[in-house]
There are 2 protein chains.
Amino acid sequence: MDEAAAARIAPMFKALGDPVRLRLAAMIAAQAETCVCDLTPHFALSGPTISHHLKILREAGLVDCERRGTWVHYWIQPAALQSLSTLLQAPAQR
Amino acid sequence: MDEAAAARIAPMFKALGDPVRLRLAAMIAAQAETCVCDLTPHFALSGPTISHHLKILREAGLVDCERRGTWVHYWIQPAALQSLSTLLQAPAQR
DNA sequence: GCCCTATCTTGACATACTTCGAAACAGTGC
DNA sequence: GCACTGTTTCGAAGTATGTCAAGATAGGGC
């Protein structure tokens, strides 16, 4: 792992390194698509705070979103998860 | 993923969420054992700083260490990596 | 044994980043 | 216009990062 690769990948792990974001990502990954209004009630946090965490997941490339009428829908980016998974798996099997 | 599971797992991702620690973990994982004195030269950081990052990896349960004479040897905890990997892989394959 | 050096960790500190809520803003539909 | 859903901005409190100095532990020379 060289410096550039670490700088590219670390933000993804960092994004998952918060309990709230980890749960958000898990909820989004559990379905094909998830509306923000379905996520917010599961947390004792304000709307802006959830929105902030979603933005970090978005900027890390782990999720993507689209506004469709009144609601905003989020979905997981499977390729990103896959690359992290294989990265962890190689040394784990040694 | 319930709240307790997230609180247990997030610190591991957080530990990997720093470029320096990600590279440290990768270097340690690449060999059966690694001496701290082999890690430090690869970074433009002081010894105490490296030691600090290694402590975080240790507290996250990702690596373990042992003093053997003058040197301290670190090794990876494969089970921890494996659990993170499978966690990511399930939704990634959907 | 005693001192000296080398290796690594710990403690104290300054700086920078995170987290979160309140208020303001933007987009959509009636 | 008005109500509703999310996002952005701003500020306060907490947490992380990195350096310096000091401490702990081991080995070698005398």
Side-chain angles (χ1 to χ4, degrees), chain A residues 1 3 6-28 31 33-76, chain B residues 1 3 6-28 31 33-76:
Chain A
M1 160 105 39
E3 218 166 326
R8 198 178 65 250
I9 296 168
M12 298 195 203
F13 282 123
K14 190 172 192 174
L16 294 175
D18 180 278
V20 172
R21 288 196 294 267
L22 186 56
R23 288 176 63 204
L24 281 170
M27 288 180 194
I28 293 170
Q31 300 177 49
E33 276 188 10
T34 314
C35 171
V36 176
C37 58
D38 292 332
L39 296 171
T40 310
H42 291 90
F43 298 87
L45 294 170
S46 67
T49 299
I50 298 294
S51 184
H52 165 73
H53 285 302
L54 287 171
K55 183 179 184 180
I56 291 176
L57 289 174
R58 226 185 309 142
E59 289 176 346
L62 294 170
V63 303
D64 202 358
C65 70
E66 189 184 60
R67 175 161 214 144
R68 220 168 292 150
T70 307
W71 293 280
V72 177
H73 296 264
Y74 277 79
W75 58 87
I76 205 79
Chain B
M1 161 109 34
E3 218 167 326
R8 197 178 64 249
I9 296 167
M12 298 195 204
F13 281 123
K14 189 172 192 175
L16 293 175
D18 180 278
V20 173
R21 289 195 293 267
L22 187 56
R23 286 175 64 204
L24 282 171
M27 289 179 192
I28 293 171
Q31 300 178 48
E33 278 188 8
T34 314
C35 172
V36 177
C37 58
D38 292 332
L39 296 171
T40 310
H42 290 90
F43 298 87
L45 293 171
S46 66
T49 299
I50 298 295
S51 184
H52 166 73
H53 284 302
L54 288 172
K55 182 181 184 178
I56 291 174
L57 289 173
R58 225 185 311 143
E59 289 176 346
L62 294 170
V63 303
D64 203 357
C65 70
E66 190 185 60
R67 175 162 214 143
R68 220 170 291 151
T70 307
W71 294 279
V72 176
H73 296 265
Y74 276 79
W75 58 88
I76 205 79

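Letters A, B, ... are given to chains in the order of the sequence lines, protein chains preceding strands, and every chain is numbered from 1.
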Asker: Is there a side-chain contact between W75(A) and V63(A) (heavy atoms, below 4.5 Å)?
Answerer: no
Asker: Are the charged groups of R68(B) and E33(B) less than 4.0 angstrom apart, N to O?
Answerer: yes
Asker: dT17(D) C1' sits how many Å from E59(B) CD, rounded?
Answerer: 15 Å
Asker: Grab the NZ-C1' distance between K14(B) and dA16(D) for me, whole Å please.
Answerer: 8 Å
Asker: What I'd like to find out is whether the side chain of T49(B) reaches to under 4.5 Å of the side chain of V20(B), using heavy atoms alone.
Answerer: no
Asker: Under 4.0 Å between a side-chain N or O of H53(A) and OP1 or OP2 of dT18(C)?
Answerer: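 No, H53(A) has no side-chain N/O under 4.0 Å of OP1/OP2 on dT18(C).
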Asker: In whole angstrom, what separates L57(A)'s CG from dT7(D)'s P?
Answerer: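 After rounding, the reported distance stands at 12 Å.
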Asker: Atom CD of E66(A) to atom C1' of dG6(D): distance rounded to whole Å?
Answerer: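 Checked: the CD to C1' distance equals 15 Å.
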Asker: From CG of D18(B) over to P of dT18(C), roughly how many Å is that when rounded to an integer?
Answerer: 11 Å
Asker: If you look at every heavy atom in V72(A) and C65(A), which pair is closest and at what distance?
Answerer: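 Reported closest heavy-atom pair: CG1-CB, 4.1 Å.
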Asker: Among L57(B), D64(B), I28(B), which residue satisfies the side-chain contact (heavy atoms from CB on, under 4.5 Å) criterion with Y74(B)?
Answerer: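 Only match with Y74(B) under side-chain contact (heavy atoms from CB on, under 4.5 Å): I28(B).
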Asker: Nearest whole angstrom, please: distance from the C1' of dT19(C) to the CZ of R21(A).
Answerer: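 Atom-to-atom, R21(A) to dT19(C), this comes out as 9 Å.
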Asker: Search all heavy atoms of C37(A) against all heavy atoms of C35(A) and return the closest pair with its distance.
Answerer: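 Looks like SG-SG, 2.5 Å.
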Asker: Mind checking R68(A) for me? I need base, sugar-phosphate or nothing, with any heavy atom below 4.0 Å counting as a touch.
Answerer: nothing
Asker: Can you give one letter per nucleotide of nucleotides 1-15 of chain C, going 5' to 3': B for a protein heavy atom under 4.0 Å from the base, S for sugar-phosphate only, - for none?
Answerer: ------BSBB-----
Asker: Describe the nucleic acid contact of I56(A) in one word from base, sugar-phosphate, nothing, applying a heavy-atom distance below 4.0 Å.
Answerer: sugar-phosphate
